[in-house]
Number of protein chains: 2
Amino acid sequence: MMDDRKQKVLWAIVHDYIATAEPVGSRTIAKKYRLGVSPATIRNEMSDLEEQGFIEQPYTSAGRIPSERGYRYYVDFLMRRQELSKEEEDLIRREYKVKVRDVGQVIQRTGQLLSQLTHYTAMVLPPRIGISSFKHVQIVYMHQSQAMLIAIMDNGTVQHRLIEIPESITAMDIETISKVLNAKLQGQAMKSIKLNLVKDIFSELARHRHILDLVMELVQESLTLEFEDKIYLGGVFNMLNQPEFRNVERIKTMLSIMEQEKLLCNLLEGGTGDEGVTVRIGGEIDQWNIKECSMITAPYSIRGRKMGFIGVLGPTRMEYAKVISVVDYMTKYLSQTLEQVIRGRRK
Amino acid sequence: MMDDRKQKVLWAIVHDYIATAEPVGSRTIAKKYRLGVSPATIRNEMSDLEEQGFIEQPYTSAGRIPSERGYRYYVDFLMRRQELSKEEEDLIRREYKVKVRDVGQVIQRTGQLLSQLTHYTAMVLPPRIGISSFKHVQIVYMHQSQAMLIAIMDNGTVQHRLIEIPESITAMDIETISKVLNAKLQGQAMKSIKLNLVKDIFSELARHRHILDLVMELVQESLTLEFEDKIYLGGVFNMLNQPEFRNVERIKTMLSIMEQEKLLCNLLEGGTGDEGVTVRIGGEIDQWNIKECSMITAPYSIRGRKMGFIGVLGPTRMEYAKVISVVDYMTKYLSQTLEQVIRGRRK
DNA sequence: TTTAGCACTCAGTGACATAGAGTGCTAACA
DNA sequence: TGTTAGCACTCTATGTCACTGAGTGCTAAA
């Protein structure tokens, strides 16, 4: 049913269409890909492939373009990964060598690299803070009714927020509270903060219940809101050079999707969830009206724990062979870099 | 030279073109704006106005559109400000009433509001940290070769970065350093940190010169880089609904400008620098290939000190009357809100 | 000074013909 | 039986042409 020659023809169609964005005709294949048969034969094969749903015609008597199913078959069986070039690897290595000053910075740089290497839109989800644990908690008195609550996590992120305090509390009080919080929270993961711990702190801080409420609120919010919704995008306008965006309407829908961070986070996290690179093609992204787009995503992890995701969004007519390699390579590099940042094993 | 009727005609042309984005003909003006004269008369006036450079024809025998000079005259002499509606004021008040957790959050919300109210792209420059002074400095030990340096400024912003430390330094040492830094830096403005202060710290921390270097580096970088380049954009894709962006090429140049934060900062800061709202039309933005765009910017200040800028970028065919009011109103509201945040006078 | 009238210009639109790419089918061929 | 050459057919893209309508500029009359 899918003999060798048919595979070759399908491969040629997908390959050529990815390169040119033009429907591919039988003559083109015969000439460019030297299968040793005439256009007429290839036409027959194409007819079969169309019947099986791997390719389609935009209109009668145009060339063929791959269907989503065709891309899927290509990705699963036909494509051979296109490893990164020496220059590209060098570029990545150089970028990551710069002194790290901040986890956010690493994330951002990853996004930039990803879009630069693929020419599509890159998305990076920062490490979830829920999983990491407190390194240090500090409350800083600002003025009579306000203080700044700062939590430093062991993955190198910093959370902060302003809190209102009753005027009766003095700078001294705040220091006491800081100390207690530190003693209790240090080393605890955000997630693992449970009732008994809270009770513990409560008893020690009976006088300052109000502050405590606020702290717990911060913990809560940090966990659910603040960071989860943040996502780094890179090279959104890169994509506009793709010929599929000659149409203004499509640019608009695209960009309006890009402005909805929550949606994007869901998309990124929606990969099959297992280890490696996930490829979703067209309708396989079961979200919204994101049509004719594909996503390639992968989780990165630190010490074996999945911390976040990186991904690339592009048209279905995407250079899968290349992008898959890049994403794979980058997750590894990112995991490694973050691990060094966090454990301090930088040379 | 610019009699009353000519002004009325110019006003009508600008007004109508802003509303419709179509070249305005003499007949339209006669019908819509009831000047009590025939189209022929208006044609004569238009001919004069064109000679004086206030309007132009896209091609022979089309209607007229305002030239940059025409817009300028409109903004300076003809336009009457269009105050905000009750609903809009309510919207702003409601948005700012939400509990403030962070200066960045206020900035972001301002950007959103600005774009929502104007339908153009909003830009907000956060308060410069250079001007604000240290409230608290803290170094937190992370592990044997790394520490986190945190600076809380009195305007409610927090700077942090990872620093490498020699392994010989203990957690104890770090605490000592923290204390010294706090004692010396507290209340000092970033900008005002001068050599003698540094020397002072040096002598007390002779043992830990390395750390000190890093701290000074942070100060430096924070001052020049980190925050200055950050800018909040809102509603970039809002603009794409403007008919001038039916052309894909223009979308691309637009977006590529939007991705260059530094350029945008310069643009924002490039206002005439005096108190109120600055309007720059087309070529008056002496930057790049930003053609056919206008900017309306204004500084906001805290306790009389200029802290940052907000602005709106849109096509030259912009609703000046409306946007000027909105920008003016928002600076006042923003100044007020930030003042409350920082001084803690929130009710 | 204003207005009516008229000739002129030019973008936009629809009708039409043409070229070119590509297909599907049939019949001949190995 | 699989492959190929040939040919008619389909459909898009492109270019031409004429027509329409909005708008102007000019002239002469009010």
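Throughout, a chain's letter reflects where its sequence line sits, starting with A, and its residues are numbered from 1. As the structure is a prediction and not an experimental result, all values here were calculated from the model.
Here the side chain of Ser26(A) is nearest to one of dT4(D), dG22(C), dT23(C), namely dT23(C). Comparing dA4(C), dT23(C), dG5(C) against the side chain of Arg43(A) picks out dT23(C) as the nearest.
Salt bridge annotation for Asp90(B)-Lys86(B): absent, with no cationic side-chain nitrogen under 4.0 angstrom from a carboxylate oxygen. A salt bridge between Arg5(A) and Glu45(A) is present, with a side-chain N of the basic residue lying under 4.0 Å from a carboxylate O of the acidic one.
Distances shorter than 4.0 Å separate none of the side-chain N or O atoms of Ser38(B) from OP1 or OP2 on dT2(C).
Note: CD1 (Ile29(A)) to P (dG22(C)) measures 10 Å, nearest angstrom. One interatomic measurement links the two molecules: CG of Asp48(A) to P of dT3(D), which rounds to 11 Å at whole-angstrom precision. Per the geometry, CG belonging to Asn44(A) stands 9 Å off P belonging to dG24(C), to the nearest Å. One interatomic measurement links the two molecules: CD of Glu50(A) to C1' of dG22(C), which rounds to 12 Å at whole-angstrom precision. To the nearest angstrom, P of dG2(D) lies 18 Å from CG of Leu35(A). Between Asp3(B) atom CG and dT1(C) atom C1' the separation is 12 Å, expressed in whole Å. Between Ile42(B) atom CD1 and dT1(C) atom C1' there is a gap of 15 Å when expressed in whole angstrom units. Atom CD in Glu22(B) sits about 12 Å away from atom P in dA22(D), given to the nearest Å.
Across residues 59-69 of chain A, Tyr59(A), Thr60(A), Ser61(A) each have a non-hydrogen atom less than 4.0 Å from an atom of DNA chain D (numbered order).
By the 30° and 60° cut-offs, the orientation of the rings of Tyr17(A) relative to Tyr71(A) is tilted.
Evaluation of atom-type donor-acceptor distances gives no pair under 3.5 Å for the side chain of Arg27(B) against the base of dG23(D).
The shortest distance between side-chain heavy atoms of Ile13(B) and Met46(B) falls below 4.5 Å. Residues Ile92(A) and Tyr329(A) meet the side-chain proximity criterion, which asks for heavy atoms closer than 4.5 Å.
Looking at which nucleotide of DNA chain C each of Pro39(B) and Met46(A) is closest to, the 5′-most match is held by Pro39(B).
The one candidate from His119(A), Glu88(A), Glu83(A) that meets the side-chain hydrogen bond (donor to acceptor under 3.5 Å, both in side chains) condition with Lys322(A) is Glu88(A). With Phe54(B) as the fixed residue, the ring pair (Phe, Tyr, Trp, His ring centres under 6.0 Å) test singles out one of Tyr73(B), Trp11(B), Tyr74(B): Tyr73(B).
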